[in-house]
Amino acid sequence: MEWKALNLVYLFVSFFIILNCSDLVGAHDQKMKFVLEKSDKIEADRDHHDQISSLKTYIVHVKKPQTSGVLSVSDQDLKTWYQTFLPSTTPTIATTRSSHYPRLVHAYKNVASGFAARLTADEVKAMEKKDGFVSAREEKIYSLHTTHTPKFLGLFQGLGLWNDSRLGEGVIVGLLDTGIWPDHPSFSDEGLPPPPAKWRGKCDFTGTLCNNKLIGARDFVTSTKSTGTKSPSGQPPFDLEGHGTHTSSTAAGNFVSGANAFGMANGTAAGIAPRAHLAMYRQENEEYLQYLCP
Ligand SMILES: *[C@@H]1O[C@H](CO)[C@@H](O)[C@H](O)[C@H]1NC(C)=O
C-alpha cells in the first residue's frame, strides 16, 4: 500500500513539473543554473532578464519573395528574404548570452508567408515601412485549462493505481509557492479524513479556512521582508498571484464537478492526489518564481 502511494506521488511530481514548468524542460541550462547560483548572480541575471524582456515575439506576415519564373522557393531563399525585414544589429545586450535569444524564432513556409521574431516595438515600426511588409502582431500566450489530465494519465476512480493508492489518502503534499486561496472549491475537504496523527504543522489562516484538505498554511514573506530572517510571520498566506493555488490544486485538489473554462474542457477537475492533504508555505519573491516558471 505504502509503495503504491509513493508511486502515485512520483507520478504526480513528474507530471506536475512538466505541467507547471514546461518551459524549464526546453529552457537552456542558463535558466537552470540560475537556481543554483548565488544571490549576487541572481541580480545580474535579473538585469539581463529585464533587457531581454524589452524584446517581444511578433508574428510577422510579409509578401512572398519575387521568384522571377522559378516555381518553388528554397527554404534558404525564404529565410534570406525574411532576414531582410529584421534589424541587422544585435540588440545592445552586453552579454554573450544574447546568442541564446536569436531574432528569428521561426520561418513559416507552408501556409503563411512570414516569420516569428523577437523585436522591440521601435524595430517593428521601422519594419512596417519596408517593401513587402503585410502585418505584425505581438504573440499572445494562452494558458491551458483542462479537466482531462487524470484520464490522460490513465487514472480512473475505483480502478488501478488511483484505487490502490486510495487517491493519495494519508499523503501530505507540502508546497513552497506564492500562497493559496483557501476557499477555492478544490480545497474542500469533503470525503477527507483528518490529518495523520504524525502531523505537527500549523495553519495561519483564521476560522475554518483550514480544514482536512488544507492542513498547513504559513507565510514566510512578511517576516523575511521586515527582519531578513526566514521564519513564519504568523500572517495568513493568501495567494496574491494565483500560482500557488494552481500548483496546489494540480497536486492535490479535491474533485470539483462541472468545472470548465467558458464551456470548454467541461468535466470534473481534480488534482492527481485528490485525497491527499496540503500544506502551503508562502515564499519570498514571487518574481523569482515567475522567472523560474513563467
Ligand atoms: C480497490 O482497492 C481496494 C482496497 O483499497 C480493494 O479491496 C479493491 O479490490 C480495489 N478495486 C479494484 C477494482 O482494484
Side-chain angles (χ1 to χ4, degrees), residues 5 8-9 11-13 15-22 142-159 161-163 165-196 199 201-219 221 235-283 286 289 293:
L8 186 74
V9 170
L11 177 70
F12 142 67
V13 167
F15 187 75
F16 182 64
I17 289 169
I18 293 167
L19 199 74
N20 291 290
C21 296
S22 54
Y142 293 93
S143 61
L144 202 60
H145 297 291
T146 179
T147 54
H148 303 311
T149 307
K151 197 168 148 201
F152 175 76
L153 292 174
L155 300 170
F156 298 94
Q157 283 197 64
L159 290 172
L161 189 57
W162 243 8
N163 181 62
S165 65
R166 299 169 58 103
L167 301 163
E169 206 173 290
V171 174
I172 300 166
V173 178
L175 288 107
L176 282 61
D177 212 310
T178 58
I180 191 163
W181 295 323
D183 52 356
H184 189 284
S186 290
F187 310 129
S188 145
D189 66 354
E190 199 188 320
L192 260 80
W199 175 245
K202 196 164 178 291
C203 170
D204 284 331
F205 283 119
T206 53
T208 55
L209 289 176
C210 273
N211 54 20
N212 285 339
K213 166 60 78 184
L214 182 61
I215 60 172
R218 314 213 76 180
D219 164 67
V221 176
Q235 299 295 313
F238 283 107
D239 183 9
L240 303 179
E241 211 199 325
H243 192 274
T245 301
H246 167 65
T247 54
S248 307
S249 53
T250 309
N254 209 340
F255 294 101
V256 180
S257 57
N260 64 73
F262 306 111
M264 311 284 274
N266 197 15
T268 298
I272 303 305
R275 291 278 181 270
H277 308 280
L278 276 167
M280 170 56 71
Y281 302 92
R282 181 168 177 243
Q283 291 301 301
E286 286 134 33
L289 285 165
C293 310

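Source: prediction; values computed, not measured.
Lys151 is not listed as a side-chain neighbour of Thr146, based on a closest heavy-atom distance of 4.5 Å or more. Residues Pro182 and Phe238 meet the side-chain proximity criterion, which asks for heavy atoms closer than 4.5 Å.
Note: Leu192 CG to Leu167 CG = 9.5 Å, rounded to the nearest 0.5 Å. Atom NE2 in His246 sits 11.0 Å away from atom CG in Leu175 (nearest 0.5 Å). In this structure, CZ on Phe205 lies 8.5 Å from CG on Asp183, to the nearest 0.5 angstrom.
Gly170 and Pro196 get closest at one heavy-atom pair: O-CG, 3.7 Å. Residues Asp219 and Gln235 approach most closely at CB-O, 3.3 Å, considering heavy atoms. Nearest heavy-atom pair, Phe187 versus Thr245, reported as atom, atom and distance to 0.1 Å: CZ-O, 3.7 Å.
Shown here are the side chain to side chain donor-acceptor pair (under 3.5 Å) partners of Asn211, two or more places apart in sequence or in another chain: there are none.
Listed by first and then second residue, the salt bridge (charged side-chain N to carboxylate O under 4.0 Å, His left out) pairs that reach into residues 205-218 are Asp204-Arg218, sequence neighbours excluded.
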Could you walk me through whether Leu240 and Arg282 satisfy the side chain to side chain contact (heavy atoms under 4.5 Å, CB included) test, starting with their C-alpha distance in whole Å, then the side-chain angles of each, then the deciding distance to 0.1 Å, before giving a yes or no? CA-CA 10 Å; Leu240 303 179; Arg282 181 168 177 243; 3.9 Å; yes

Verdict with supporting geometry, Leu155 and Leu161, side chain to side chain contact (heavy atoms under 4.5 Å, CB included): CA-CA 7 Å; Leu155 300 170; Leu161 189 57; 4.2 Å; yes

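Panel note: side chain Asp177, backbone Gly179; no donor-acceptor pair is recorded below 3.5 Å. In this structure, Thr247 contributes its side chain and Gly244 its backbone to a donor-acceptor pair below 3.5 Å. Not one N or O on the side chain of Trp181 forms a donor-acceptor pair closer than 3.5 Å with the backbone of Gly242.
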Under 3.5 Å donor-acceptor pairs involving side-chain atoms of residues 261-281, not counting sequence neighbours:
unit_1, atom_1, unit_2, atom_2, d
Arg275, NH1, Asn254, OD1, 3.1
His277, ND1, Asn212, O, 2.6

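Side-chain atoms of His184 and Ser186 form a donor-acceptor pair, as typed in the model, at a separation below 3.5 Å.
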